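Have a look at the structure below, then the notes.
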Amino acid sequence: MAEPIVKYNKVTKYFDDLQVLDEIDFEIQPGEKVALIGPSGSGKTTFARLLMMLEEITDGTIEVEGEYLWHEKDDKGNLKPASSEHQRKVRSNIGMVFQHFHLFPHMTVLQNIIEAPVTVQGRDKKEATKAGKDMLDKVGLLDKADAYPAQLSGGQKQRVAIARALVMQPKVLIFDEPTSALDPELVGEVLEVIKSIADEGEASMLLITHEMDFAKEVADRIAFFDGGKIVEDGPPSDILYNPQSERLKDFLERFMNTQ
Amino acid sequence: MVWDWSYAFDILPEIASALSVTISATVVGFILALVLGLIWTLLIRSTNKIVHHVANGIVRFIRNTPLLVQLYFIFYVFPSIGIALDPFTAGVIGLGVHYSTYLSEVFRSGIESVGPGQWEVATALNFTKRKTWTRIILPQAIPPVIPVIGNYFITMFKETPLLSAITLVEILQTAQNIGASTFRYTEPLTIVGVLFLVLSYPASLLIRRLELKIAERY
Amino acid sequence: MTFWEIIVSMLGQGLFTTIVTTILAAILALVLGFAGGLMRLSNNRFVRFIVAIYVEVFRGTSLLVQLFWIYFVLPMFGITMSALTAAVLAIGLNYGAYTSEVVRSGIQSVDKGQTEASIALNFTPAQRMRRIIIPQAFIIMLPNLGNQLIELFKSTSLVALITLTDLTYQANVLNASTLQTTEIYTALLVLYFLIAWPLTKGIQILERKLTEGRM
């Protein structure tokens with residue numbers, strides 16, 4: 001098997017006295033699409049946010065492409081907290097799509113997309129504009145390039161947010177409940193875009209979702225979180241149709257009943 | 001020597017005694033501002049177009065001109081129409097009228113924050129207009145804006161030195177008189193600054209705490 | 001003198017000084033306000049403490065006392081300056097303290113998601129502030145900054161008390177020589193209003209323009 005692109009080693013996270021992640025080991029292979037499911041408060045969102053560096057890690061390490069994300073080695077080979085330069089270098093491999101989109105309200109759709117390529121990556125503005133328009137075309141919103149976020153529907157906002165993340169060419173793309181904030185009739189268009197990216201994309205995906213059918217369709221693997229641990233981890237068919245643990249059985253049953 | 005402690009302690013009682021003038025000007029001015037502020041608010045809300053526009057225009061004019069010039073106007077121009085005022089009265093009127101326009105804005109925002117449902121309920125329960133105001137609307141509109149009103153009290157306190165410009169002997173004027181007679185301004189002016197700080201800073205902390213308390217309730 | 005002659009006679013030096021004092025003090029207040037507001041959000045406790053002292057001292061004492069202190073007391077320490085410099089310094093420092101609070105709360109009221117999105121797109125903290133947070137915070141701050149500008153403008157009348165020849169000072173001089181008290185102070189009030197009122201309206205229009213269709 002190839003080297004994993006993301007590797008969690010005994011990752012632990014506390015919020016004050018509350019433990020939300022308990023010594024988790026986890027790997028993502030290059031190009032692999034992994035869905036994270038589990039009840040709310042099970043730790044799956046925190047798990048992903050640690051990879052994006054939106055929360056401080058309490059204990060353990062995370063490696064991306066063989067480099068430590070939160071740490072770097074000093075002269076003697078011991079781990080020390082990473083400098084901000086090191087963090088930014090390793091973090092440049094990761095992208096994220098948020099539940100509430102977080103588009104920049106003071107910029108047009110196109111500006112939203114090309115802001116980071118130009119400012120952060122130092123790409124040529126013309127090239128970035130072209131790449132941005134291609135990406136908008138891909139998510140079907142080229143005609144909205146000059147609109148402001150406030151003028152878009154929720155589904156359109158999320159498609160722009162996806163384009164904004166993609167244009168940075170991340171090797172790992174995190175989706176944090178990308179359709180949970182949407183009106184039901186707008187969920188489909190967003191899932192369709194994500195699916196088409198998954199189908200053609202080289203990038204690995206970490207997909208936090210409550211859409212079981214969608215997870216089954218897109219993911220190579222599903223990990224079930226409960227109580228700060230990964231309780232089961234395997235191919236969608238095993239996880240959804242042949243759950244081993246009581247907790248996963250309970251979760252799936254409750255889930256099917258509320259659907 | 002730049003700073004003389006014994007001189008500072010010598011003049012401290014004299015300056016501090018003038019605090020009574022400063023504080024009474026603040027308190028009387030504040031009461032005037034509260035009453036007049038509420039009157040402006042009610043007049044501006046009037047359904048009579050003329051009353052509304054006139055009140056609005058007066059408030060706008062007062063807010064967009066300096067307090068110092070208003071004080072000059074009251075103190076120097078009023079006597080020519082037969083109203084000669086002593087510096088304290090003129091100062092309190094100036095301070096009160098000026099800040100009434102700010103408090104009127106505060107009252108307005110408080111009243112607008114009471115939902116339309118409350119007016120409808122009052123009508124449904126057959127309250128008179130007067131009772132609706134005194135029993136339903138104002139008791140809800142005022143408490144949330146009390147911290148803002150309190151902050152204006154502190155602001156007015158800090159504006160009282162302007163009253164020295166119309167010859168009121170409050171603490172700044174007292175300090176200047178001392179300075180003029182001894183040719184030492186460092187100690188008296190510094191003492192005035194410190195007095196303002198030690199009185200207004202704890203007061204503003206108190207209001208911040210009040211703000212948190214009120215935020216819990218509303 | 002007729003009412004119009006009085007107004008015209010004030011339009012020269014006095015009006016010029018009032019406007020120059022307003023502009024210079026406003027620039028100083030804005031610079032101090034932004035620097036102070038950003039430093040108030042620093043991770044460094046010492047930096048935060050220093051700014052807190054500045055803010056509390058200048059908000060806690062009276063502007064007129066600060067003006068007198070800078071103009072009459074600083075020379076005792078060997079620091080002499082012109083009345084205009086003292087005026088700009090006192091008003092700028094005073095309003096800078098208030099502005100720093102406006103800036104701080106404006107920045108804090110920008111949605112936290114904007115910071116998260118900027119981290120996810122790998123902005124440096126400085127890029128994030130400059131490109132994402134401050135442009136949004138500025139629009140939130142604008143009404144408060146506008147009010148402060150009006151207050152600052154009105155407060156320039158205090159400089160007459162350190163003998164700077166602004167509008168108010170000129171009115172006092174004119175009053176002493178002509179004794180047309182009623183006309184002079186009425187004209188003075190009208191002049192201040194004629195500057196402050198359009199300024200208020202202008203800021204409201206700017207605010208509407210900046211938020212149109214975007215927020």
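As the structure is a computational prediction, the values presented were derived from the model and not from experiment.
- Taking CG from C/N172 and CG from B/L68, the interatomic distance works out to 7.5 Å, rounded to the nearest 0.5 Å.
- Within a 6.0 Å radius of CG in C/L179, more than 12 heavy atoms belonging to other residues, nucleotides or ligands are found.
- Interface residue C/T181: backbone and side-chain heavy atoms are both found under 4.5 Å from chain B.
- Closest heavy-atom contact between B/P161 and C/V65: CG-CG2, 4.2 Å.
- In this structure, the portions of B/Y76 lying under 4.5 Å from any heavy atom of chain C include both its backbone and its side chain.
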Residues C/F77, B/T186; criterion side-chain contact (heavy atoms from CB on, under 4.5 Å); working and verdict: CA-CA 9 Å; C/F77 296 86; B/T186 309; 4.0 Å; yes
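- Salt bridge status for B/E159 with C/K154: absent, with no side-chain N to carboxylate O gap under 4.0 Å.
- For C/L158, the parts lying near chain B are the backbone and the side chain together; criterion is any non-hydrogen pair under 4.5 Å.
- Between chain B and the residues C/Q66, C/M76, C/E56, the most heavy-atom pairs under 4.5 angstrom are made by C/E56.
- The heavy-atom pair separating C/G60 from B/S200 by the smallest distance is O-OG, 2.7 Å.
- The environment of B/E14 atom CD is sparse: at most 12 non-hydrogen atoms of other residues, nucleotides or ligands sit within 6.0 angstrom.
- Both the backbone and the side chain of B/L162 have a heavy atom closer than 4.5 Å to some heavy atom of chain C.
- Side-chain N or O atoms of C/S62 include one that pairs as donor or acceptor with a backbone N or O of B/K158 at under 3.5 Å.
- Remark: the backbone N or O of C/L189 is not paired with any side-chain donor or acceptor of B/T65 at under 3.5 angstrom.
- Between atom OH of residue B/Y102 and atom CG of residue C/N147 there is a gap of 8.5 Å, rounded to the nearest 0.5 Å.
- Using a 4.5 Å cut-off between heavy atoms, B/T190 touches chain C through backbone and side chain atoms alike.
- Residue contact with chain C, scored on non-hydrogen atoms closer than 4.5 Å, involves the side chain of B/Q176 exclusively.
- At most 12 non-hydrogen atoms from other residues, nucleotides or ligands lie less than 6.0 angstrom from NZ of B/K49.
- Note that CH2 of C/W69 and OH of B/Y185 are 15.5 Å apart. Values are rounded to the nearest 0.5 Å.
- Between C/R59 atom CZ and B/L197 atom CG the span is 11.0 Å, to the nearest 0.5 Å.
- Closest approach of C/T61 and B/G193 over heavy atoms only: CG2-O, 3.0 Å.
- Summarising the geometry, atom CD belonging to B/Q70 is positioned 11.5 Å from atom OH belonging to C/Y192; distances are rounded to the nearest 0.5 Å.
- With a threshold of 4.5 angstrom between heavy atoms, C/T186 approaches chain B through its backbone and through its side chain.
- Ring centroids of B/F73 and C/Y185 are separated by 6.0 Å or more, keeping the two rings apart.
- Going from atom OG of B/S80 over to atom CD of C/E183 covers 8.5 Å, rounded to the nearest 0.5 Å.
- Contacts of C/E151 with chain B are made by side-chain atoms alone, with heavy-atom separations under 4.5 Å and no backbone atom involved.
- If you measure heavy-atom distances from C/T182 to chain B, the contacts under 4.5 Å come from both the backbone and the side chain.
- Contact of the C/F68 side chain with the B/V192 side chain is not registered, since no non-hydrogen atoms from C-beta on lie closer than 4.5 Å.
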